Amino acid sequence: MGISVIGGADGPTSVFLAGKFGNIFFIPACFVLVIFYGIYFAKQLQQKRQGIRTNQLGSGKDKSVRIREMTLLAATVLMIPVELVSMVWNWNFMPSAIRGVGAVAGFLGDGIFFTAVWTMKDSWRAGIPDTDRTEFVSCGIYQYSRNPAFLGFDMIYVGVLLMYFNWVLLLFTVWAVIMFHLQILQEEKYLATVFGDQYLEYKKRTCRYWGRRGRV
């Protein structure tokens, strides 16, 4: 990547300015990811202290569910180095306006994810619970979305993608978003089995990602 002279500066000064202003979305993207993973691991640590296993992806389930959850786990883990490489090397083919939209989407995703985890309290899990019996939650943000945590995931990933759009990151983002959707479909079957009519009525009035259908 070439380095241009900025404001008439030359030598080390131009190198510094080009690096600083050529990658101005690096800090916002870092904050989006640090907030997201900070919330996730803080919640995991808090539940661990209470004897609750938060991450239940791929454990103690039939083969098809286990494979789907392990594929989801692989997608989310591999997203980390792809995002970081894109950010450090400033791989991007989007104009600044679109990148700004990505930053806003990322921070909104953080807020939605935090609100979802906070509302679920100790009933939040990553993956379908194996033996735990969690409470049914339909208050707060769950009045407007059946899956606000997954909505937050999607917005964070898409936000980083818009800030650092490149074909490799696009491929991994699409993979992760598809796996999140498949996980949602699997969890809907589980919730209908566990909570029965209570969940089915909730499903009728609240949209999968965002919105309400009014009184049923």
Side-chain angles (χ1 to χ4, degrees), residues 25 28-29 31-40 42-43 54 56-57 68-69 71-73 75-76 79 83 94 97-129 134-165 169-170 172-216:
F25 288 92
F31 271 110
V32 167
L33 294 179
V34 167
I35 292 170
F36 168 52
Y37 289 111
I39 295 168
Y40 182 90
K43 183 65 175 180
T54 305
Q56 301 198 14
L57 290 169
R68 184 179 296 111
E69 290 193 346
T71 305
L72 170 62
L73 181 61
T76 56
M79 277 291 294
E83 288 175 328
M94 285 291 180
I98 300 298
R99 300 181 79 181
V101 171
V104 173
F107 284 115
L108 284 175
D110 282 335
I112 291 172
F113 178 62
F114 173 78
T115 305
V117 171
W118 178 270
T119 306
M120 282 287 281
K121 302 187 186 308
D122 290 331
S123 292
W124 188 68
R125 301 288 186 276
I128 296 174
T134 58
E135 295 182 5
F136 180 69
V137 177
S138 60
C139 60
I141 195 171
Y142 286 87
Q143 297 178 72
Y144 307 100
S145 172
R146 302 203 305 267
N147 301 280
F150 284 113
L151 176 61
F153 288 153
D154 288 346
M155 292 183 68
I156 291 164
Y157 284 168
V158 171
V160 175
L161 173 66
L162 293 179
M163 283 188 277
Y164 289 93
F165 185 91
L169 184 55
L170 174 64
F172 277 85
T173 302
V174 171
W175 178 28
V177 169
I178 289 174
M179 293 311 303
F180 285 144
H181 184 73
L182 294 177
Q183 182 67 16
I184 287 172
L185 298 181
Q186 189 64 45
E187 291 187 5
E188 287 180 348
K189 296 178 182 178
Y190 165 80
L191 293 169
T193 300
V194 173
F195 296 106
D197 291 341
Q198 184 182 16
Y199 176 73
L200 295 177
E201 289 299 315
Y202 169 68
K203 187 176 179 181
K204 289 178 183 178
R205 67 177 182 267
T206 307
C207 296
R208 177 175 288 144
Y209 286 101
W210 192 264
R212 290 176 62 83
R213 299 189 177 96
R215 291 186 176 275
V216 178

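Counting begins at 1 with the first residue of the sequence. Bear in mind the structure is a predicted one, so any value in this text is a computation, not a measurement.
- Interatomic distance, Q183 CD to T76 OG1, rounded to the nearest 0.5 Å: 10.5 Å.
- Taking CG of L161 as the reference point, atom CG of L169 lies at 5.0 Å (rounded to 0.5 Å).
- How far OG of S138 is from CD of E201: 11.5 Å, rounded to the nearest 0.5 Å.
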Stepwise, does the side chain to side chain contact (heavy atoms under 4.5 Å, CB included) test hold for R208 with L185? CA-CA 10 Å; R208 177 175 288 144; L185 298 181; 3.5 Å; yes

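- Taken from CG in N147 to CD in E187, the straight-line distance is 7.0 Å, to the nearest 0.5 Å.
- Put simply, the side chain of H181 reaches to within 4.5 Å of the side chain of Y209, judged on heavy atoms.
- Across all non-hydrogen atoms, the minimal contact from P28 to A103 is CB-CB, 4.5 Å.
- In this structure, I141 and M120 have side chains that are not in contact, with every pair of non-hydrogen atoms separated by 4.5 Å or more.
- Residues R68 and T71 form no side-chain contact, since every pair of their non-hydrogen atoms from C-beta on lies 4.5 Å or further apart.
- Relative ring orientation between F153 and F180 is described as parallel, the plane-to-plane angle staying below 30° on a 0-90° scale split at 30° and 60°.
- Rounding to the nearest 0.5 angstrom, the gap separating the CG atom in L108 from the CG atom in L151 is 9.5 Å.
- Between R99 and Y164 the shortest side-chain heavy-atom distance falls below 4.5 Å.
- A distance-only check finds no donor-acceptor pair linking the side chain of T206 to the backbone of Y144 [under 3.5 Å].
- Distance check, rounded to the nearest 0.5 Å: OG1 of T119 to CZ of F114 gives 9.0 Å.
- Y37 OH: more than 12 foreign heavy atoms inside a 6.0 Å radius.
- Formation of a donor-acceptor pair under 3.5 Å by the Y202 side chain with backbone atoms of Y142 is found in this model.
- For residues 139-156, every residue pair satisfying the salt bridge (Lys or Arg N to Asp or Glu O under 4.0 Å) rule, not counting sequence neighbours, is listed here: R146-E188.
- Each side chain to side chain donor-acceptor pair (under 3.5 Å) pair with one or both residues in residues 107-118, not counting sequence neighbours, would appear here, but there are none.
- Shortest non-hydrogen contact noted between W210 and S145 is CE3-CB, 3.7 Å.
- Closest heavy-atom contact between A116 and A149: CB-N, 3.6 Å.
- A 4.5 Å side-chain heavy-atom check between M79 and T173 finds at least one atom pair inside the cut-off.
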Stepwise ring pair (Phe, Tyr, Trp, His ring centres under 6.0 Å) test for F36 and F113: CA-CA 8 Å; F36 168 52; F113 178 62; 5.2 Å; yes

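- Across all their heavy atoms, A192 and L200 have their closest contact at CB-CD2, 4.1 Å.
- Within the 4.5 Å cutoff, the side chain of Y199 has no heavy atoms near those of the V194 side chain.
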